[in-house]
Structures are given as C-alpha cells and as structure tokens.
**Student:** 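The following block contains the structure, expressed as structure tokens.
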Protein chains: 2
Amino acid sequence: MKITHTIKACENCIFRNLLFGSLNQQEYRLVNSVRAEKVFFKGEIIKHEGDELTSFLYLRTGLVKLYKTDHAQKDHILSIHKPGDFISLLHIFSNEFYPYSIATLEKTEVCEVSIDSIKNLIKTNGNFAIDVVKRMGMISDEVISSRFDKAQLQIRGKVASIILYFADQVYQSHHFKLPVTRREIAELIAMSTENVIRTMSEFKNDNILQFNGKEIIISDYERLLNISKMG
Amino acid sequence: MKITHTIKACENCIFRNLLFGSLNQQEYRLVNSVRAEKVFFKGEIIKHEGDELTSFLYLRTGLVKLYKTDHAQKDHILSIHKPGDFISLLHIFSNEFYPYSIATLEKTEVCEVSIDSIKNLIKTNGNFAIDVVKRMGMISDEVISSRFDKAQLQIRGKVASIILYFADQVYQSHHFKLPVTRREIAELIAMSTENVIRTMSEFKNDNILQFNGKEIIISDYERLLNISKMG
DNA sequence: CGCGGCTTTGATGTTCATCAAGTAAAGTGG
DNA sequence: CCACTTTACTTGATGAACATCAAAGCCGCG
C-alpha cells in the first residue's frame, strides 16, 4: 500500500485562471480554505465508483483515467485526463456518488475542492457561474465528440487517435513515454489487447511509429493523422 | 419545402419546472418575451451543423435527432431527444456554432430561448444557475453513459437498447410506432443497415419482437432487456 | 403508375475476438 | 541480489461478427 502525502499551498497555481479567474480575494481565500492538495503515486485509485461525491478534483500534474469495472472484473476506460482538467465537474451537481473510478497513470498532484463551496460561489458570483457552465460545456464536448468520432473508425483509426492524443494534447511532442499499457488502450477503445498490439506492430512495420521499451517515436505524423481521421 | 408555424403561448408549460422553476414572475416574463414557440413537421431540419448558436431549444412534443454528415454524405446520429429535453444546453456556453445538425423525426413543437437571456439569469439568479449546472450534468451523463455502455455491446445488444429506449423512455409502452428507419438506427449505433435489419429479423424469429408495418410490439421484454445488458 | 427510398435476404470477404503458446519485463520475498 | 511470481507483450491460427455487394419486393407519394 502506497502512502498519500498532503503538500503545500498553490497560491500561484497556473490553472487558477481556468476556472477561478473571476473570484475576488475573499472568495479565493474561501476556496483555499476548503481545498486539499494531494499527491498520488502511479497506480493509486483516487476514488472508487460509488464513493460519495462531495468534491471535485483538478489536476496540477500527472495523468488519470476514469473507468468502470464490469461483472467479469474487466475494466472499461471512459477517458484519460491531463493537467488542467477538472475531474468530475460534470458530475458533481447531478450525482450523489462517483459514477466512475479514478486512478492515476503516473504520479499525480491534485487539488480537491468541496462541492458546497463551489455551489455557494455559483449562487453568489454570476461571472463564476458563467465560467462553470462554459467549462462544463467544454468538458462534455471533449468526451462526447471523442467517443462519437472514434465510434466511426476501425481499430487502426482508434489506436492512431489515442497515440495522437498523447502526442498533441498531453506531451506536445512526437517522442514520449507511453503512460498506458496496451491493455489500457484496449480498454479505452473497446477492442482486444491482442489486436491493439498487432495494430501497433503494423504501424511499426509501416515506419509510422518506432518503439524503444515504453518510449514511442512518431516517425510519420502526417500518415498517423490521416489514419486517425479516415481509418 | 415545408412551412414552419409560430404557435401560441405556453404559460402553463408542463416542462416549465424542469429548468425555470426557480424564476420569479418578472424573470419568467423576461424569458417569455424572448421566447419563440415553433412547430416543425416530420423530416425538417431545425438547425444545420455550423449555424450560429444564439439560442437553445426545448421540446414540448415530438422527437428530434442530433447528427453530423461526413465527407461521403453519410449521416452519423449522436442522440435522439424526446419531449422535456433541452437541446444544445450543453453547447450554448462554449460553442459559437451548432456542432450537430438537428432534424425532426416526427412533428415537433419547440420553444427557442436566446442565450443572452439565459446567461443574464445565470448571473443574477443563483438558484437558476444551480438548476442549469444540474441539468447540464444530467444531459451529459445521459449522452456519455449511453455511448459508453453501447460501446461494450455487439450488434444485438445495441439494437435492443435502442428499442428499449423508445419503449421505456419515449412511449412508456411495449407497443408503438417506430419513429426511425432501420438506416437511422444503423447511423445511431455505427453499424450497417443490413445488419440492423438482420438483427431485428432475428428478434422476430426468436419471438422477442413482432412487426406490423412501422408498428412494433415487444413480446418478450425480459429477454430484450437481458440482451441489451449482456449482448 | 412509376419513381425513389425503405426493407429484406443471400453470398462473399474483411475485420476482429478468442485461444494458445511463448518471450520479456517488472515486481516480491528470502 | 537472486529465485520466483506475476504482469505485460508478442505472434500465429482459427472462427465469429460484421461490412459490403447484389438483387428483388414493398410502399408512399407525386
């Protein structure tokens, strides 16, 4: 069992303006007073599906997955989230319990903020309320359109989109350490692990990707992009 | 080309309390003053993908689909919405343009409400703001979990879920007129029309469903429910 | 009454899951 | 640090699920 540490303040958090830009000093102090900042190690489960939902999280560093476990103990991943994302903001106003489990894919620092303080701010600060509905729209757009687009693709296109997500959205590089296992990619796109591996081997043989242990290099970005759209 | 009529007031709208329950008389009059109530006939396109998004709609009667058309002119349906649903509430705060086209599946009455009035109410009425974020959470939950669940199923399960959606959520009956074509079901679950038809014929041969023209009767609800979960 | 869209069935090939078997890598306890 | 165990990765073979192509009947609508 790993140990969870509580770390120091985040007065100059670079993500402060993503959601809390319209708070005044007093309101910001209020949020700070009910905020817990935590760090989780790789592979830790932050929340279990069904846990009471009294707070939401935002990621400062690291990477997490939202997932459900079925009756056969098989996991199905809904989405992966990166620094700056607000985890379960979509759910806190309409759910009593976490609808998905949340686990880290690497060492992850989060801020946990209670629902009640957010609800109070929504009621009393109109501009904050507008920021919240805007952010909720952006989050749902991202999840929904990502799932919608992938539903039309076959396996090559689905795998290509996942790799491009890490390259473009997470690491902003064509050379990075893949933070998920082949099985997790399979759980994310609802395909078998074997066929995910086969597809990635194809990409390697076609000189689209190179592998070196967990490291991945995109050698033909244009073709990968094309596969993710048309494949 | 069909003609769109503007119809009368909706002071006693049964859906008023779904979203506008916390407005006072004055605020409600304001909403009324910027509201347009319209009726569309079957098959009309209410909004095209890319149209300017300055208002949202809520359905009083009827049925609509949200969809996109791809480069090959093939439609892909994101979701189907029934009376009481708030169409594009998820999108109005974060999108300048409609991300999906909206078309009617049957004669449909809608109320169209301008974004600006909604935004003003969010800023000035905290309880309304809470109602909006709660409603947005419910809408996104519905779309996301429906897509997430169906992604794990094969075609029998997917088709079964669609039929159960109409039976349970829309018509509250085991006997109804199917409001979509086989092709539209295919567009909704990303399968070929032929295989949707084959699956429905299987259900007929297995005495799970009966057909009579566009009418459909669910003869073995339990089995259909089971297929929608396990299939 | 004829045209176009919807529906249906069959035949064929592609895509994918599953089973099997083995290698490599990573964690675990002595 | 090494033996041991587990988990991740890989490839091949086989069959199931599904798309596609083709042909024909049906039905509503102008």
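In what follows, chains are A, B, ... by sequence order, proteins preceding strands, each numbered from 1.
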**Student:** Which salt bridge (Lys or Arg N to Asp or Glu O under 4.0 Å) pairs, counting each pair once, include a residue from residues 78-89 of chain A, with sequence neighbours left out?
**Tutor:** A/K82-A/D85
**Student:** Set out, in order, the CA-CA distance, both residues' side-chain angles and the distance that settles side chain to side chain contact (heavy atoms under 4.5 Å, CB included) for A/I162 and A/K150, then state yes or no.
**Tutor:** CA-CA 10 Å; A/I162 301 299; A/K150 279 206 256 298; 3.8 Å; yes
**Student:** Give me the bend of the helix from C/dC1-D/dG30 to C/dG30-D/dC1, using the axes of the five pairs at each end, rounded to 10°.
**Tutor:** 50°
**Student:** Less than 6.0 angstrom from the centroid, inside 45 degrees of the normal: does A/R182 satisfy that with respect to the ring of A/F211?
**Tutor:** yes
**Student:** In whole Å, what is the span from the CZ atom of A/F211 to the C1' atom of C/dA25?
**Tutor:** 16 Å
**Student:** Find out whether A/L57 and A/C111 are in side-chain contact, i.e. whether some heavy atom of one side chain is under 4.5 Å from a heavy atom of the other.
**Tutor:** no
**Student:** Enumerate the residues from residues 174-188 of chain A whose closest heavy atom to DNA chain D is under 4.0 Å, giving them by residue number; use none for an empty result.
**Tutor:** A/T181, A/R182, A/R183
**Student:** Residues two or more places apart in sequence or in another chain: which of them pass side chain to side chain donor-acceptor pair (under 3.5 Å) with B/T61?
**Tutor:** B/E109
**Student:** Take atom CD of B/E202 and atom C1' of D/dC18, then tell me their distance rounded to the nearest Å.
**Tutor:** 12 Å
**Student:** Do B/Y98 and B/F56 have ring centroids that are under 6.0 Å from one another?
**Tutor:** no
**Student:** So, using side chain to side chain donor-acceptor pair (under 3.5 Å) as the criterion, who are the partners of A/E187 when residues are at least two apart?
**Tutor:** A/R183
**Student:** Under the side chain to side chain donor-acceptor pair (under 3.5 Å) rule, collect the residues that match up with A/S55, sequence neighbours excluded.
**Tutor:** A/E112
**Student:** Test of understanding: with side chain to side chain donor-acceptor pair (under 3.5 Å), list the residues that count as partners of A/Q169, not counting sequence neighbours.
**Tutor:** none
**Student:** Does A/Q73 offer a backbone N or O that forms a donor-acceptor pair with the side chain of A/D70 under 3.5 Å?
**Tutor:** yes
**Student:** Kindly state which residues belonging to residues 62-77 of chain A come within less than 4.0 angstrom of DNA chain D, counting heavy atoms of the residue only, listed by number.
**Tutor:** none
**Student:** Applying a 4.0 Å non-hydrogen cut-off, can you work out what B/K214 is touching in the nucleic acid: base, sugar-phosphate, or nothing?
**Tutor:** sugar-phosphate
**Student:** Using whole Å, report how far CD1 of A/I197 lies from P of D/dT10.
**Tutor:** 6 Å
**Student:** Scan for ring-ring contact (aromatic ring centres under 6.0 Å, His included) pairs involving residues 166-187 of chain A, sequence neighbours excluded, and state none if there are none.
**Tutor:** A/Y171-A/F176, A/H174-A/Y221
**Student:** Round to the nearest Å and state the distance from B/L153 atom CG to D/dC18 atom C1'.
**Tutor:** 15 Å
**Student:** Rounding to an integer number of Å, can you tell me how far B/I216 CD1 sits from C/dC6 C1'?
**Tutor:** 16 Å
**Student:** Tell me: CZ of A/R156 to P of C/dT14, nearest whole Å?
**Tutor:** 15 Å
**Student:** Ignoring hydrogens and angles, state whether a donor on the side chain of A/N226 or A/R223 is under 3.5 Å from an acceptor on the partner side chain.
**Tutor:** no
**Student:** Give the B/S/- string for nucleotides 19-30 of chain D, one per nucleotide from 5' to 3', where a protein heavy atom under 4.0 Å of the base yields B, of only the sugar-phosphate yields S, and otherwise -.
**Tutor:** BBB---------
**Student:** Atom pairs, N/O to N/O, protein against nucleotides 4-6 of chain D, distance under 3.5 Å?
**Tutor:**
none

**Student:** Rounded to whole angstrom units, what separation is found between the CZ atom of B/F203 and the C1' atom of C/dT7?
**Tutor:** 17 Å
**Student:** Going by ring pair (Phe, Tyr, Trp, His ring centres under 6.0 Å), name the residues that satisfy it together with A/F93, two or more places apart in sequence or in a different chain.
**Tutor:** none
**Student:** Under 4.0 Å, counting only non-hydrogen atoms across every strand here, what does B/K204 touch: a base, just sugar-phosphate, or nothing?
**Tutor:** nothing
**Student:** Any Lys/Arg nitrogen of A/R35 or A/E37 sitting under 4.0 Å from an Asp/Glu carboxylate oxygen of the other?
**Tutor:** yes
**Student:** Is the closest side-chain donor-acceptor distance between A/N207 and A/S219 under 3.5 Å?
**Tutor:** no
**Student:** Mind listing the closest non-hydrogen atom pair of B/P179 and B/E184 along with its distance?
**Tutor:** O-OE1, 4.3 Å
